[in-house]
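Order of the sequence lines sets the chain letters (A, B, ...), proteins ahead of strands, with each chain counted from 1. All heavy atoms count here, side chains included; hydrogens, waters and symmetry mates do not.
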There are 2 protein chains.
Amino acid sequence: MSASRTARERVRAELIREITDIARRHLAVDGAAGLSLRAVAREMGMVSSAIYRYFPSRDDLLTALIIDGYNALGEAVENAEAACAREDLTGRWLAVCRAVREWGLAHPHEYALLYGSPVPGYRAPEDTIAPAARDILVFGKIIADAIATGRLNPPAILPEPPEIISPDAEAVRGLIPGASDDVITRSVAAWTNLYGMVNFELFGQFNNTIEHRAEFFDHVMTGLARMLGLPE
Amino acid sequence: MSASRTARERVRAELIREITDIARRHLAVDGAAGLSLRAVAREMGMVSSAIYRYFPSRDDLLTALIIDGYNALGEAVENAEAACAREDLTGRWLAVCRAVREWGLAHPHEYALLYGSPVPGYRAPEDTIAPAARDILVFGKIIADAIATGRLNPPAILPEPPEIISPDAEAVRGLIPGASDDVITRSVAAWTNLYGMVNFELFGQFNNTIEHRAEFFDHVMTGLARMLGLPE
DNA sequence: TGATGTCAAGAGCAGTGCTCTCGAATACTG
DNA sequence: CAGTATTCGAGAGCACTGCTCTTGACATCA
């Protein structure tokens, strides 16, 4: 634990950072499939084999980028939501939605890495779970706040969720304390709708059809707020 | 146009079919990224360069698989919907939803090719547009039937869509004649929710959370039917 | 100073998409 | 029917990939 050892570790950490930075730039330009260890090494003035001292395989580098991506997205969502007045529940929900969409538009390849087709043969390790939940945590807090302040009134036009999904709802309840199965079901549905919209826009399904995408997105997300029972 | 020419063209068509069949099998096992022209050629007992007589590039082979995929999915949706009683509008909608989900579960890699992250550098050619719309056509017909028979009554809990998306709605109205902007907006939202759900399930976002997926899916899709205004 | 561990470099393996050339077989035409 | 034109499979080759292994230089520590 001498100073010299720390020095070595520091240069090592610095190199790892530089590698991921370059890799992220390549990812942003060429997408995940075009990410090449050799190209990253070339840009660093290293020989390709040296990279393997820092990332044992290409998948490990991808994992690092995925974790960074989840954190970047989560941070964007947290910041957007934190800028809203606490009592403006619908505004907080809309801020979350817009933050997801805008981050996706700004970083399409990274977004695809997180929410697009899984990379074949790649299995996300445990380390990705916590960062992946940052945005959901924010969302859950909004619903929980609405419940706690007695301001969640979901319109009674949906059937009750079937008994059998109760254990699943229970697993989600940790994020939304005090929520009924119905509220939890609506929340998960709204969440999938949010990401479904962003997916459709980013992956080209709206091409030649929906052109006023920001307005359309806002309108649908506002409707979801109503379905969730958030106040107008 | 003699018989011999037809003979050559026939063997050519047969070879193309065989290549796509083998490629589809490889795709189902290894995913799009693992699809290798050389491997396909090897399995056919050909030399790799010979494949290029039939598909000028790997992307062209991928395009063929994408078109086949859209057609297979579209056919599955058409068949499922055709098996329903015409007057059972909600049943027809649910049949469409389930057909999409079940086809996706049965062909995850092909589904990912259609609705997952776009393959980098790959641009879908015109030929894919028509097959890609087969499922949407079925869906549009259900809503159009509901309107035509006066049985579409969307609950009035959503805000009106903003004026600015009217041109987009107009573009969709070809699929759902007689629909208001509000109905069209709800339809597109429901459609994205359907695919958002299937994406989340197939791409792993429900792992360790939602385990009773068929039941959850059915419940959410039933809720969407209510939002669309389909009769109970 | 000498032992230990870390590192970059280089060669090499097996695989990829793709191009080009060269004979041979097939189809069309005078 | 004979000659020409077209199509096709085979093979070599280019540039690239991820990854492994060995070698020699360097810094760290006892």
Side-chain angles (χ1 to χ4, degrees), chain A residues 1-20 22-23 25-27 29-66 109 113 119-123, chain B residues 1-20 22-23 25-27 29-66 109 113 119-123:
Chain A
M1 203 153 317
S2 66
S4 54
R5 177 188 185 105
T6 314
R8 180 130 78 178
E9 302 233 317
R10 256 180 36 206
V11 66
R12 184 180 174 83
E14 180 56 36
L15 271 179
I16 287 182
R17 231 186 58 82
E18 193 177 343
I19 292 174
T20 53
I22 294 179
R25 275 209 347 263
H26 286 203
L27 174 67
V29 174
D30 302 321
L35 179 62
S36 149
L37 281 182
R38 291 180 114 111
V40 173
R42 218 174 296 133
E43 187 165 332
M44 292 192 60
M46 273 174 140
V47 95
S48 70
S49 56
I51 296 276
Y52 288 84
R53 297 255 173 221
Y54 304 94
F55 291 96
S57 79
R58 186 177 174 279
D59 277 3
D60 291 276
L61 179 53
L62 265 185
T63 298
L65 293 178
I66 287 175
H109 285 120
L113 204 55
V119 178
Y122 173 81
R123 233 188 71 77
Chain B
M1 205 158 307
S2 64
S4 53
R5 177 191 184 104
T6 316
R8 177 130 82 180
E9 301 232 317
R10 256 180 36 206
V11 65
R12 185 182 174 84
E14 180 57 34
L15 271 179
I16 287 182
R17 231 186 57 82
E18 193 177 341
I19 292 174
T20 53
I22 294 179
R25 274 206 349 261
H26 286 203
L27 173 68
V29 175
D30 303 319
L35 178 62
S36 148
L37 279 182
R38 291 181 114 111
V40 173
R42 221 176 294 133
E43 187 165 333
M44 292 192 62
M46 273 174 138
V47 96
S48 72
S49 57
I51 295 277
Y52 288 84
R53 297 261 174 218
Y54 303 94
F55 291 95
S57 81
R58 187 176 172 278
D59 277 1
D60 290 275
L61 179 54
L62 265 186
T63 298
L65 293 178
I66 288 176
H109 285 119
L113 203 57
V119 180
Y122 173 81
R123 233 186 72 77

Item to complete: Return yes when atom CZ of Arg17(B) has more than 12 non-hydrogen atoms of other residues, nucleotides or ligands closer than 6.0 Å, and no otherwise.
Response: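 No - once you tally the heavy atoms of other residues, nucleotides and ligands closer than 6.0 Å, there are 12 at most.
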[X] [atom1] to [N] [atom2], straight-line distance once rounded to whole Å:
| X | N | atom1 | atom2 | answer |
| --- | --- | --- | --- | --- |
| Glu9(A) | dC29(D) | CD | P | 11 Å |
| Arg12(B) | dT7(D) | CZ | C1' | 9 Å |
| Leu15(A) | dA8(C) | CG | C1' | 11 Å |
| Ile19(B) | dG9(D) | CD1 | C1' | 12 Å |
| Tyr52(A) | dG10(C) | OH | P | 17 Å |
| Arg58(A) | dC16(D) | CZ | P | 17 Å |
| Leu37(B) | dA10(D) | CG | P | 15 Å |
| Arg10(B) | dT26(C) | CZ | P | 15 Å |

Measure all distances between protein nitrogen or oxygen atoms and nitrogen or oxygen atoms of nucleotides 23-25 of chain D, and list the pairs falling under 3.5 Å.
none

Practice prompt. Go through Leu113(A) and His109(A) one step at a time and tell me if the side-chain contact (heavy atoms from CB on, under 4.5 Å) criterion holds.
Written response: CA-CA 6 Å; Leu113(A) 204 55; His109(A) 285 120; over 6 Å; no
Just checking [X]: base, sugar-phosphate only, or nothing, at a heavy-atom cut-off of under 4.0 Å?
| X | result |
| --- | --- |
| Tyr54(A) | sugar-phosphate |
| Leu61(B) | nothing |
| Ile51(B) | nothing |

Discussion item. Tell me the closest heavy-atom pair linking Glu18(A) and Met44(A), and the distance in Å.
Written reply: CD-CE, 3.7 Å
Worksheet entry | Closest approach of Tyr52(B) to Ser57(B) (non-hydrogen atoms, all atoms of both residues) | CE2-CA, 4.3 Å
Worksheet item: About how many Å separate CZ of Phe55(A) and CG of Leu15(A), when rounded to the nearest 0.5 Å?
Response: 10.0 Å
Discussion item. As an exercise, state the distance from CG of Leu65(B) to CG of Leu61(B), rounded to the nearest 0.5 Å.
Written reply: 5.0 Å
Discussion item. Short of 4.0 Å, heavy atom to strand atom, which residues of residues 38-49 of chain A count as contacting DNA chain D?
Written reply: Arg38(A), Arg42(A), Ser48(A), Ser49(A)
Discussion item. So Asp30(A) and Leu35(A), do their side chains get closer than 4.5 Å, heavy atoms only?
Written reply: no
Worksheet item: Going by atom types alone, do Thr63(A) and Asp60(A) pair a side-chain donor with an acceptor below 3.5 Å?
Response: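 There is no such pair between these side chains.
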Discussion item. Checking Val29(A) now: which residues fulfil side-chain contact (heavy atoms from CB on, under 4.5 Å) with it, not counting sequence neighbours?
Written reply: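 Result, side-chain contact (heavy atoms from CB on, under 4.5 Å) vs Val29(A): none returned.
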